[in-house]
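Before any comments, here is the structure.
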Amino acid sequence: MYNEIELFFPYFSFLLGLVWGSFSNVVIVRWPKEMSIVRPGSQCPECKAPVKWYDNVPILSWITLGGKCRACGVKISYRYPLVEFLMGTLFTLAYFKFGVSWTLIEIWILLFGLVTISFIDLDHFLIPDVLSLPGIAIGLIGAFVNPERDFIPAFLGVLLGGGFLWAIAWVYYLLKKQEGLGGGDIKLLAWIGAVLSWHSIPFVILVSSIFGSLVGITLAFRTKGGMKTVIPYGPFLALAALIYIFAGEEISMLYLRLFFPWMGSQ
Ligand SMILES: [Zn+2]
């Protein structure tokens, strides 16, 4: 009996991800405009026509409508179905990684935050406190309540994640007299530390700065903006956290085997 129910979990995870992806789209579009995320209901960004429920089905509606508003025909960004599909896929991968567990619920919440924050940061160079601060609180409460996690490593994760970036931002400010890292990045890394514990922080900092510098250098050459080209750091933190969630252990083992073969042998 249990096994038959289990067959549905991957589909359930995907559908749940689609629904949260749809909600994520609402937050991405409305939060920066200081609009309510509940009212009014979904509407066309151009003509404001209310979107009927049958035109609001994640991914499918965008495809059947040919990526256009039914009322005015304006193009609807492919980002809507992309965010939904991404969330559905990540939720399903998390199910396969963590199984039905408390940790899965905690990871789902973090995944929602990482995706939503990345797109808001890409658009506006901002990471909303309304997402990151409750995220840190929920992450710490989760570590306390969830029997699969311990509180101290999560608490250290917040301190290390928040503290490390804060120190860098402070030094940068002393040297350059201008802000390089946003406070939002600091709170996002603290959230990541709360859920993935302090062990994840060195990995996330290293991987995000590698990707960030590669993209930053490429953009600096392309736009001739020199080294002052500003890129949002949030999406790189999110990407590094995703890699850690799904492949962190494997990559750590590989690293040990490559550089410390005598340690990985037993
Ligand atoms: Zn319209």
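Atoms within a ligand are numbered from 1 in the order they appear, just like the ligands themselves.
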Closest contact, heavy atoms only, Ala94 versus Phe246: N-CE2, 3.5 Å
Heavy-atom closest pair, residues Asn25 and Val83: OD1-CB, 3.4 Å
Would you call Glu46 and Lys75 a salt bridge, taking side-chain N to carboxylate O under 4.0 Å as the test? no
Rounded to the nearest 0.5 Å, what separation is found between the CG atom of Leu110 and the OG1 atom of Thr103? 12.0 Å
Close side-chain approach of Trp31 to Leu126, heavy-atom, < 4.5 Å: yes
Nearer than 2.8 Å to the Zn ion (ligand 1), the protein contributes N, O or S atoms numbering 4
Above 12 or not: heavy atoms from other molecules or residues under 6.0 Å from CZ of Phe14? yes
